[in-house]
Protein chains: 2
Amino acid sequence: MNVKYRKIISGNAKIVRDINRSTILNLIRLHQPVTRVRLSHLTGLNKSTVSNIVHELLQDNLLSEEELKDQNVGRNPILLRLKPGHHYVAALNLDAVYSRVAVFDINGKMVGHHKFFTDYEHPEKNVLLFSKSLKKMMKKLSIEQINGIGVSVAGMVDSGEGSILYAPHFQWKNLNLMELFQKYYPQPIDIKIDNDANASALAELWFGKGEVTKLNDFVFLSVGAGIGSGIVLNRKILEGANHSAGEFGHMTLVENGLPCICGNRGCLEAYASDRATARRYNALQQKKNATVQESMVEEIIPRALQGEKSAIRTLKETGHFLGLGIKNIIRAVDPQAVIIGGKIIQAWSIIYPEILRVVKSGDLYGLRQEVKILPSSLKVRPRLLGAATLAIREIFEEYQIVR
Amino acid sequence: MNVKYRKIISGNAKIVRDINRSTILNLIRLHQPVTRVRLSHLTGLNKSTVSNIVHELLQDNLLSEEELKDQNVGRNPILLRLKPGHHYVAALNLDAVYSRVAVFDINGKMVGHHKFFTDYEHPEKNVLLFSKSLKKMMKKLSIEQINGIGVSVAGMVDSGEGSILYAPHFQWKNLNLMELFQKYYPQPIDIKIDNDANASALAELWFGKGEVTKLNDFVFLSVGAGIGSGIVLNRKILEGANHSAGEFGHMTLVENGLPCICGNRGCLEAYASDRATARRYNALQQKKNATVQESMVEEIIPRALQGEKSAIRTLKETGHFLGLGIKNIIRAVDPQAVIIGGKIIQAWSIIYPEILRVVKSGDLYGLRQEVKILPSSLKVRPRLLGAATLAIREIFEEYQIVR
DNA sequence: AAAATTTAAAAAAAATCTTGACATAAGAAT
DNA sequence: ATTCTTATGTCAAGATTTTTTTTAAATTTT
């Protein structure tokens, strides 16, 4: 039976407490530093309830207090912040060539980092390398306990089960990664595994800067060797019935178009991935003997920025195709924004006008669709921070009431 | 400020009651007839809580009881059902040429129906006609009170405000329909307005038969003069940041393809709408002088079913284009199913194989994507029943706890 | 035929959590 | 020195669910 039955959650006093506790903890995260009174206003909860719950959070070492001495009338407010130094999560990004391990605090700050060659042949080996690396890091940073592990994988993942359905880079199929982790971490620890595009989207949602802060509905388009995407709707990742929502990389852009590694033709990925960009560039350069390796868009971009014509033309084309794809994404889910990640955004000044032109050309009935096209706002690698966010989310998000 | 802030709903005893009450009422609707004990199991709530809430619902005249005499051991169970004859909603579908008014009971059964010519020039006139028609119907059926009004409109709708952003058929732009209704219904009554594709999707979700019963995530593709769609994710309609999620009709299928009424080229609608189908058919028939009117797919379908070659070819092409669109829909939101509505489904035996062929050709990496392509399962007009469902939903759905 | 068992529903007592009124804290304004 | 003002803390009251106990009705066992 493949039918997903929604779990029915009925209400009782304890769940009310859980809901309010996580609401408050989340608001502290988002608005820190913040006072109890402000939290009372934000939540609509009574001041006493807030005080009570804050007291509990303080005892759990999740918060720090700081009395503010200012010249306002009235009693000095006490500012609440997430307390650093007590709660950490481990992150693993399993990616082509390198995989990365890191430790983050609950504010999304990386405090330790390490990388190793991904072992394609022996999936379990990567878990071993991760655990060793993590142990070493924890010792060095004198961190005693980890509050969760997040893993982002380049491939299709069943995040509920924690299994990898298909990872084309590594040629892993139906691999239960969760089981491997549980071998090395038999003690009860939260382990969350998801696809790297979803993880990146989550990283933007939780730790995005600037305009991204205000977004609740967006699509993160991860442009790399392939093209993946994570759809965020009402602050939640859309997984899809078969864990493959947001496979925009394989939407058909051109019927019977260029072949794609997925076996079909005309996919967005076959036109706008880094690989496709490099290929188009090389086709232009053939006579000039100045080709680049397929994985090396990072060589094309500086050439374009320095004014090399064929590099510029190639990237503009990429922008054009991305625009076509993004237009269809907008038609599909009508997000507040589409955020683009990947090396390609280093050429933002070149690709953005092209993307915008295509997207705007298709404005529905001339009605203003206030969708933004933005480059990733993150400084840390989104896929690694995303892995951490998978674990951090578990600390903050519990139940929630919706209409 | 265009930023949609999520309302924060904090928990308290009253909301817990609301949650549990609506959970129980919904389960009665879905599982009727059902006993209190069964409800207790389904919800996880204690038997006393269920008894208590059921008592309340009985007092509100929402339920009827019937003692079951069977040969099982133990006390006879009391079966609970939604009580007919006490709660009704009014529905209005504003559509091209005709608009329809109807009265439905809370089980989605139509008890009265009437239609009138839509007044394109004077939007308010339609509200007047609706109210007169409803009044007459209520008198005839001796219904004293209506518990809500649902309106489905062929066009883009801001369902929160109840305003029509753009309705191409009627050439209405930024029309606040809710205000017009409130003129005629100043007393506090729930009025809900939404786009007809969303309403149809909702009708399938609530009152769909057969396989549809088990679906929580699907896309309803409404094929008519244009192509609209409603996206249902986790049993909720996806509205989108600009109230235009699911505009799959205007996704680009062919770059620089056929012109579309939206002003662009190559939209799905320009290839697979009834109008496009008729146009393609007429192009084939030109020499034979046997053309049909643009709105008349219903003439092409019987011809095809009787074996007329060009009719068959035309419909197969429509199926092919629908397949291309559906493939991209699947890539986008990965639904459990895509449900197709409209006259075209009378030719299901012709279009379905074509759709399936295109969709399956694009199966991602050869992984089984268990997506179903289904014709609408409703007997009543989906757009009208959908309008009713907008109102019925308000009676049943209140708050809910999610993770 | 009487007693025990089974299933369903209702009632009373116990537990949990939020609310609301009041109290306390700390500084500014009068 | 007193009163305001704002932030936080305390505690009984109120609402709701859960747990426990009764009551009800029919079947099965003794």
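Residue numbering restarts at 1 for every chain, and letters A, B, ... go by the order of the sequence lines. Note that this is a predicted model, so its numbers are computed, not measured.
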Which residues in [range] have at least one heavy atom lying under 4.0 Å from any atom of DNA chain C?
range	value
residues 26-43 of chain B	B/Arg36, B/Val37
residues 49-63 of chain A	A/Thr49
residues 15-22 of chain A	A/Val16, A/Arg17, A/Asn20

What residues, two or more places apart in sequence or in another chain, satisfy salt bridge (Lys or Arg N to Asp or Glu O under 4.0 Å) together with [X]?
X	answer
B/Glu211	B/Lys372
A/Arg81	A/Glu66
B/Glu179	none
A/Asp18	none

Do [X] side-chain atoms and [Y] backbone N/O form a donor-acceptor pair below 3.5 Å?
X	Y	result
B/Ser40	B/Leu45	yes
B/Asp217	B/Asn234	yes
B/Asp334	A/Ala241	yes

Nearest 0.5 Å please: distance from the [atom1] atom of [X] over to the [atom2] atom of [Y].
X	Y	atom1	atom2	answer
B/Ser152	B/Asn198	OG	CG	10.5 Å
A/Leu82	A/Asn61	CG	CG	12.5 Å
B/Leu80	B/Thr35	CG	OG1	7.5 Å

Quick one: which protein N/O atoms are closer than 3.5 Å to N/O atoms of nucleotides 22-26 of chain C? Pair and distance per line, please.
residue, atom, partner, partner atom, Å
C/dA26, N3, A/Arg75, N, 3.3

| More than 12 foreign heavy atoms under 6.0 Å from CD of A/Glu67: is that the case here? | yes

| request: Measure across B/Ile392 and B/Trp206 and return the closest heavy-atom pair with its distance rounded to 0.1 Å. | output: CG2-CZ3, 4.1 Å

| said: So, using side chain to side chain donor-acceptor pair (under 3.5 Å) as the criterion, who are the partners of A/Arg21 when residues are at least two apart? | reply: A/Glu56, A/Asp60

| request: Report the residues that fulfil side chain to side chain donor-acceptor pair (under 3.5 Å) with B/Asn20, sequence neighbours left out, ordered by chain and then residue number. | output: none

Rounded interatomic separation in angstrom, taking [atom1] from [X] and [atom2] from [N]:
X	N	atom1	atom2	answer
A/Ile9	D/dT17	CD1	C1'	17 Å
A/Leu45	C/dT19	CG	C1'	10 Å
B/Leu79	C/dA9	CG	C1'	14 Å
A/Lys14	D/dT17	NZ	C1'	11 Å
A/Asn12	C/dA15	CG	C1'	11 Å

| Using a cut-off of 4.0 Å on non-hydrogen atoms, how would the nucleic acid contact of B/Ser48 be classed: base, sugar-phosphate, or nothing? | base

| message | Is it true that B/Gln400 and B/Ser22 share a donor-acceptor pair across their side chains at a distance under 3.5 Å? | response | no

| said: Please compare A/Glu65 and A/Gly11 by the position of their nearest nucleotide in DNA chain D and report the one closer to 5'. | reply: A/Glu65

| Inter- and intrachain pairs under salt bridge (Lys or Arg N to Asp or Glu O under 4.0 Å), touching residues 37-49 of chain B, at least two apart | none

| task | Compute the angle between the rotation axes at the two ends of the helix from C/dA1-D/dT30 to C/dT30-D/dA1, each taken over five pairs, rounded to 10 degrees. | result | 30°

| request: Give the nucleotide from the list D/dT18, C/dG20, D/dA15 with an atom nearest to the side chain of A/Asn46. | output: C/dG20

